[in-house]
Protein chains: 2
Amino acid sequence: MTKHRQTLEDKVAGQLNAIEGTRQGLEVVSGKWTILVVFALKQEQRRLSDLQRMIEGISQKMLIQTLRKLEYYGLVERTVYPVVPPKVEYALTPLGFTLLEPLYAICHWTDDHWVQMQTAAQQFQEKEKS
Amino acid sequence: MTKHRQTLEDKVAGQLNAIEGTRQGLEVVSGKWTILVVFALKQEQRRLSDLQRMIEGISQKMLIQTLRKLEYYGLVERTVYPVVPPKVEYALTPLGFTLLEPLYAICHWTDDHWVQMQTAAQQFQEKEKS
DNA sequence: CGGTATCCCTGCGGATACTG
DNA sequence: CAGTATCCGCAGGGATACCG
């Protein structure tokens with residue numbers, strides 16, 4: 001594992017196009033709603049309508065699209081209960097749970113530095129006037 | 001700080017719309033090219049043309065747009081040398097450098113789990129046929 | 001070389017209606 | 001309730017041409 005990481009760092013340190021694999025993986029994680037959906041599934045499995053209520057502003061189309069992508073890559077599991085009315089539950093897979101940690105790292109960073117960034121933004125604007 | 005983090009975790013655990021601040025910060029970090037640009041500036045300051053050569057496939061427009069955004073939020077510093085022909089160098093600020101760590105967390109994750117994700121994707125496709 | 005401005009088109013993503 | 005299909009507006013972002 002350590003060796004593995006070293007390899008990645010070498011790649012990043014070298015040619016950027018060498019991290020294509022990482023870029024592809026990144027595309028899975030990115031996306032306007034992905035992080036929010038993963039977080040919404042953090043504690044327990046949810047039904048589609050639950051998720052739509054939890055994630056303010058997401059359309060059903062985008063929600064399903066995001067869930068499909070996550071399911072496709074094995075991060076989310078979709079369980080259908082053969083009852084009427086239909087009941088479908090979504091849950092994070094073990095793989096999906098491992099994603100929470102690096103996601104938190106980003107969130108913590110933005111949370112810790114958002115004020116600094118806003119301050120910098122104001123200074124930038126004022127400097128622009130002159 | 002620890003208290004601060006606890007607060008964020010509470011928010012995430014609760015209403016998702018409560019992490020609006022985090023979402024805003026996230027939007028700065030996200031973006032197709034942002035991570036690559038930050039990585040390209042990891043070691044030393046770079047000129048615009050250097051960056052364009054390093055980051056395969058980026059258009060000048062997107063590169064500048066991304067740099068502007070990063071500069072705006074104080075993550076990148078832009079230095080103009082009053083010479084002819086013009087020379088401009090971009091570098092990460094101390095704040096920008098702090099971003100590397102969580103970014104690496106994501107990259108390491110994708111790097112470590114990309115194979116699993118591809119395997120899952122194949123299984124998903126095969127299951128789909130039946 | 002660094003940067004802006006303009007044109008233009010693809011596709012993301014929202015709204016709506018419909019099926020099982 | 002879960003999901004698909006269709007329409008469509010608009011902005012992200014590429015290509016090009018042009019300034020300092």
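Please read all numbers here as calculations on a predicted model, not as lab measurements.
No option in B:Gln123, B:Gln116, B:Met117 other than B:Gln123 meets the side-chain contact (heavy atoms from CB on, under 4.5 Å) test with B:Thr119.
Atom NZ in A:Lys32 sits roughly 14 Å away from atom C1' in C:dG11 (whole-Å rounding). Taking atom CD of residue B:Gln52 and atom C1' of nucleotide C:dG3, one finds them 11 Å apart after rounding to whole Å. Rounded to a whole Å, the CD atom of A:Gln45 is 13 Å from the P atom of D:dA2. Residue A:Asp50 contributes atom CG, which lies 12 Å from atom P of D:dG3 at whole-angstrom precision. Rounded to whole Å, the distance from OH on A:Tyr81 to C1' on D:dG3 is 18 Å. Protein atom CG of B:Leu48 is 6 Å distant from nucleotide atom C1' of C:dG2, rounded to whole Å. Distance CD (B:Gln60) to C1' (D:dT16): 11 Å, rounded to an integer number of Å. Whole-Å rounding puts the B:Lys87 NZ to C:dC1 P distance at 13 Å.
The phosphate of D:dA15 has neither OP1 nor OP2 within less than 4.0 Å of any side-chain N or O from B:Ser59. For A:Arg47 and D:dC1, the shortest distance from a side-chain N or O to OP1 or OP2 is not below 4.0 Å. Contact between the side-chain N/O atoms of A:Arg46 and the OP1/OP2 oxygens of D:dA2 is not found at any separation under 4.0 Å. Considering only side-chain N and O atoms, A:Arg68 lies under 4.0 angstrom from the phosphate OP1 or OP2 of D:dT4. Within the structure, a side-chain polar atom (N or O) of A:Tyr90 is placed less than 4.0 Å from OP1 or OP2 of D:dG3.
Side-chain proximity of A:Lys61 to D:dG3, C:dC7, C:dG13: nearest is C:dG13. Side chain of B:Ile64, nearest nucleotide from D:dG13, D:dG3, C:dG3: C:dG3. For A:Arg78, whose side chain is taken as the heavy atoms from C-beta onward, the closest listed nucleotide among D:dG3, C:dG20, C:dG2 is D:dG3.
A parallel orientation is assigned to the rings of B:Tyr104 and B:Phe39, their planes being inclined by less than 30° (bins at 30° and 60°).
A distance-only check finds a donor-acceptor pair linking the side chain of A:Asp50 to the backbone of A:Arg47 [under 3.5 Å].
The two residues B:Leu100 and B:Lys42 have their closest heavy-atom pair at CD1-CG, 3.8 Å. For the residue pair B:Thr34 and B:Val28, the shortest heavy atom distance occurs at CG2-O, 3.8 Å.
Map A:Pro86 and A:Ile58 each onto its nearest nucleotide of DNA chain C; the residue landing nearer the 5' end is A:Ile58.
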